[in-house]
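Accompanying notes for the structure given below.
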Amino acid sequence: MTLMLGVDTGGTYTDAVLIRDDQVIASAKSLTTRQDLALGIGRSVQAVLDEAQTKVEEISLASLSTTLATNALVEGQGGRVALIYIGFATEDLGRHGLNDALKGDPGLILAGGHNHAGAEVLPLDKQALLAFLETGIEGVSGFAVASVFATRNPAHEIEAADIIAQRTGLPVTCSHHLSSKLNGPKRAVTAVLNARLVGMIDRLINRAEDCLRDLGIQAPMMVVRGDGALMSASQARSRPIETILSGPAASIVGARWMTGAQHAVVSDIGGTTTDVALIERGLPKIDPAGAQVGGFRTMVEAVAMRTTGLGGDSQVHARQDGLSGGVILGPRRVLPISLLAHDAADVIHAALDMQLNAVTPGEFDGRFVRAIEGVNAGGLTVRDATVLQRISTTVQPLGAVMRTRLDLPALTRLVDRGLVQLGAVTPSDACHVLGTLSEWDVDAAYKALTLFARKRIGTGKQLAPSAEDLAHMIVDQVTQQTSLALLEAGFSEDEAEFGVSAADLARHVLTQRGLEHHRGVISVDVGMNVDVIGLGASAATYYPAVGTRLNCSVILPEHAAVANAIGAVVGQITQRQSGSVTAPSEGVFRVHGSDGPQDFSTQSAALQYLEDILTGQATANARDAGAGDVQIHVTRDIRTAQAESREVFVEAVLTVEASGRPRVAHH
């Protein structure tokens with residue numbers, strides 16, 4: 001009987017689950033502690049241990065999925081790095097966003113590199129590298145090394161990395177370790193981002209391991225990759241870039257495990273965003289262009305994910321300009337009034353009562369603000385600093401802080417910097433009014449929605465007759481915006497066939513009328529052609545209506561609220577190795593492997609040799625990552641051309657995938 005622990009550190013909550021013999025026996029959520037993620041991890045793990053009443057010695061595997069790397073890249077955090085760029089021209093730094101990725105950190109362009117056939121173009125300039133290591137690396141926490149055509153011959157990357165490691169003792173990321181695809185500048189961007197994350201992920205894993213050890217858990221720890229597969233903690237330390245999008249990937253693996261779905265759309269609604277992805281043949285669909293995060297296109301294999309700023313805590317805005325009224329949600333996240341009143345009842349109720357008794361509605365009615373403790377507020381403009389001074393760490397009505405209209409842009413900047421939180425009406429409040437949620441202060445939600453319903457629209461009428469009517473309007477809008485996000489994800493699969501953007505297709509009048517089964521001289525029917533799996537704590541509240549709207553069936557798994565933590569522990573370990581065979585001249589087949597080019601006289605001998613070395617590497621890597629029984633899957637992509645009525649070999653790319661379940665600790 002194996003007992004496994006899965007943990008997911010999200011932006012808002014840290015989830016933990018215990019799984020025994022394919023059954024979830026306990027699950028828990030605790031608030032993510034941003035200043036030290038291990039605190040939140042410790043609390044949620046302790047909670048599942050208490051609930052399951054199990055002995056910690058029984059846990060044979062622990063696994064972590066984390067949004068830390070994704071959030072760090074989106075928020076522009078991480079260590080100072082140096083890039084060693086071998087055989088490229090100076091102007092290449094300006095291409096593919098490399099300068100943006102470096103953000104003023106040092107870069108050195110060295111002579112050296114190889115050509116597409118894997119032959120050395122120039123010797124590696126070791127003297128220039130040594131001189132740079134003596135003088136140019138102050139404050140650097142890691143190095144990225146990228147060389148021209150390193151995937152055809154990595155010799156110069158390996159040599160430079162050895163010199164750096166010997167001289168500095170700092171971590172080095174080689175671009176050919178992260179991707180075997182051609183595209184030097186894009187590989188260099190990926191290596192720079194990886195080097196930037198090494199220190200941060202290392203600290204997280206150390207803290208998480210300490211925290212598990214303190215609880216008495218001795219099991220090996222795994223980390224989820226962006227494609228949903230698992231890797232060992234030591235691999236995650238050296239290749240942290242591969243954990244970007246690990247959270248969303250884990251939720252898809254969790255959805256697949258809970259439902260057994262082979263083809264489905266997975267939609268995960270959180271507090272801030274809705275993430276939509278596809279399951280094809282039982283696996284998460286991978287983004288062929290590489291994961292894009294924080295404005296950078298990387299060469300990391302990750303789940304193809306569409307993220308929309310729509311969640312349970314999305315801000316509700318009134319449509320006041322038109323004649324028909326209505327509401328729109330997001331993309332900004334705010335604190336629900338019902339939650340704020342749960343913490344600061346006196347302030348919230350006093351303000352709402354006063355605003356309800358006023359003769360004319362005020363611009364800032366039903367909105368609140370508080371400053372966040374312990375955030376660095378350096379470099380603010382005078383106006384921003386003045387507005388921040390008026391906002392204390394206790395909750396107060398927004399109207400008490402805003403003096404003039406010019407304060408509004410300042411407030412927006414303070415929110416963007418993460419210095420200030422706003423409280424306002426959200427879908428969570430609407431659910432409290434309708435009785436589908438009752439976790440927090442129902443009265444406060446009712447008062448806030450009553451105030452909001454009084455807003456005037458273009459005709460001069462009230463936005464809604466009552467709090468209940470407004471609550472229905474808000475929940476209907478969640479259905480509408482979720483349906484659009486799902487339609488866009490669906491159409492993006494068929495975009496090429498239609499020749500129109502997915503966003504336009506989702507909003508097209510034919511699509512929208514087809515959902516309502518238009519019947520005229522023409523009949524139009526539109527619907528999702530696969531099941532939708534709804535995940536997230538509030539999925540059960542919103543998604544049944546989404547299924548009705550999209551004419552498809554919606555699956556709501558029992559443990560939908562902790563799918564990420566489940567996915568963190570039920571995934572496979574998968575290691576991929578790719579290599580290529582080229583034909584530099586008639587009758588020569590050149591294999592490009594990690595130990596440099598090798599030539600063969602027949603195509604079959606070259607392919608067999610490449611398959612053997614890739615299988616050996618992938619198997620060894622999978623075992624290093626902690627896999628038990630390793631299965632091998634080989635794909636061969638052979639490209640030929642017609643020349644004078646015969647077929648000529650051009651190039652072959654081989655990919656070997658080694659996968660297996662993690663070995664568990666035996667007690």
Side-chain angles (χ1 to χ4, degrees), residues 248 251-252 255 264-279 285 287 292 303-319 321-322 324-334 425-428 430-431 470-518 524-536 538-556:
S251 75
I252 299 164
V265 171
V266 179
S267 187
D268 188 350
I269 184 166
T272 314
T273 57
T274 294
D275 295 326
V276 181
L278 247 76
I279 293 176
K285 186 176 161 74
D287 190 338
Q292 183 157 4
V303 168
M305 175 70 63
R306 294 178 79 90
T307 297
T308 313
L310 173 70
D313 301 346
S314 289
Q315 185 169 359
V316 178
H317 307 274
R319 283 204 188 114
D321 43 2
S324 55
V327 291
I328 197 145
L329 311 174
R332 192 187 286 289
R333 175 181 182 232
V334 292
V425 170
T426 65
S428 299
C431 290
L470 178 63
H472 283 297
M473 200 187 275
I474 292 169
V475 172
D476 288 348
Q477 187 62 21
V478 174
T479 305
Q480 175 63 14
Q481 284 179 228
T482 303
S483 302
L484 275 175
L486 288 166
L487 286 168
E488 275 191 43
F491 277 128
S492 71
E493 295 301 304
D494 308 333
E495 220 166 16
E497 283 180 50
F498 289 110
V500 181
S501 83
D504 290 343
L505 286 168
R507 286 165 181 75
H508 196 282
V509 61
L510 276 176
T511 305
Q512 292 298 321
R513 295 312 297 272
L515 291 171
E516 292 153 14
H517 305 296
H518 171 80
V524 189
D525 287 301
V526 172
M528 291 294 270
N529 200 24
V530 291
D531 292 345
V532 170
I533 301 172
L535 301 179
S538 59
T541 308
Y542 302 120
Y543 280 33
V546 171
T548 309
R549 171 97 185 126
L550 295 177
N551 305 311
C552 67
S553 55
V554 166
I555 302 167
L556 296 166

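Just so it is clear, the model here is predicted, and its values are computed rather than measured. The figures here come from the full heavy-atom set of this structure, side chains too, leaving out hydrogens, waters and symmetry mates.
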Search all heavy atoms of [X] against all heavy atoms of [Y] and return the closest pair with its distance.
X      : Y      : value
Ser492 : Ala502 : N-CB, 3.6 Å
Asp531 : Ser553 : OD1-OG, 2.7 Å
Leu515 : Asn551 : O-ND2, 3.3 Å
Val475 : Ala430 : CG2-CB, 4.2 Å
Gly312 : Pro427 : O-CD, 3.4 Å
Cys552 : Met528 : CB-O, 3.7 Å

Among residues at least two apart in sequence or on other chains, which ones pass side-chain hydrogen bond (donor to acceptor under 3.5 Å, both in side chains) with [X]?
X      : answer
Arg507 : Glu488
Gln315 : none
Asp504 : Ser501
Tyr543 : Ser267

Determine whether a donor-acceptor pair (N or O, by modelled atom type, separation under 3.5 Å) exists between the side chain of [X] and the backbone of [Y].
X      : Y      : result
Asp275 : Ile269 : no
Thr482 : Thr479 : no
His518 : Leu510 : no

Exercise for the section: Would you sort out whether Thr273 and Thr308 count as a side-chain contact (heavy atoms from CB on, under 4.5 Å), showing the intermediate values? Expected result: CA-CA 6 Å; Thr273 57; Thr308 313; over 6 Å; no

Exercise for the section: Go through the steps to decide whether Gln512 and Leu487 satisfy the test side-chain contact (heavy atoms from CB on, under 4.5 Å), and finish with yes or no. Expected result: CA-CA 10 Å; Gln512 292 298 321; Leu487 286 168; 4.1 Å; yes

Once you round to the nearest 0.5 Å, how far does [atom1] of [X] lie from [atom2] of [Y]?
X      : Y      : atom1 : atom2 : value
Asp476 : Gln481 : CG    : CD    : 12.0 Å
Ile533 : Ser251 : CD1   : OG    : 10.0 Å
Leu486 : Leu550 : CG    : CG    : 6.0 Å
Phe498 : His508 : CZ    : NE2   : 10.5 Å
Thr272 : Arg333 : OG1   : CZ    : 4.5 Å
Leu310 : Asp313 : CG    : CG    : 11.0 Å

Are [X] and [Y] close enough that some pair of their side-chain heavy atoms sits under 4.5 Å apart?
X      : Y      : value
Asp268 : Thr274 : no
Leu556 : Val554 : yes
Val303 : Ile252 : yes
Val546 : Val532 : no

Practice task
Check step by step if side-chain contact (heavy atoms from CB on, under 4.5 Å) holds for Glu493 and Leu278.
Solution key: CA-CA 10 Å; Glu493 295 301 304; Leu278 247 76; 3.8 Å; yes

Problem - side-chain contact (heavy atoms from CB on, under 4.5 Å) partners of Val327, counting only residues at least two apart - result: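 Only Val316, Phe452, Leu463, Leu470, Met473, Ile474, Gln477 meet the side-chain contact (heavy atoms from CB on, under 4.5 Å) criterion with Val327.
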
Practice task
Test Thr511 against every option in Leu484, Val524, Val526 by the side-chain contact (heavy atoms from CB on, under 4.5 Å) rule and name the one that passes.
Solution key: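 Among Leu484, Val524, Val526, the one that satisfies the side-chain contact (heavy atoms from CB on, under 4.5 Å) with Thr511 is Val526.
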
Exercise for the section: Kindly check if the number of other-residue, nucleotide or ligand heavy atoms within 6.0 Å of CZ (Arg319) is above 12? Expected result: yes

Exercise for the section: Only pairs at least two apart or in different chains count here, so list each salt bridge (Lys or Arg N to Asp or Glu O under 4.0 Å) that has a residue in residues 540-551. Expected result: Glu516-Arg549

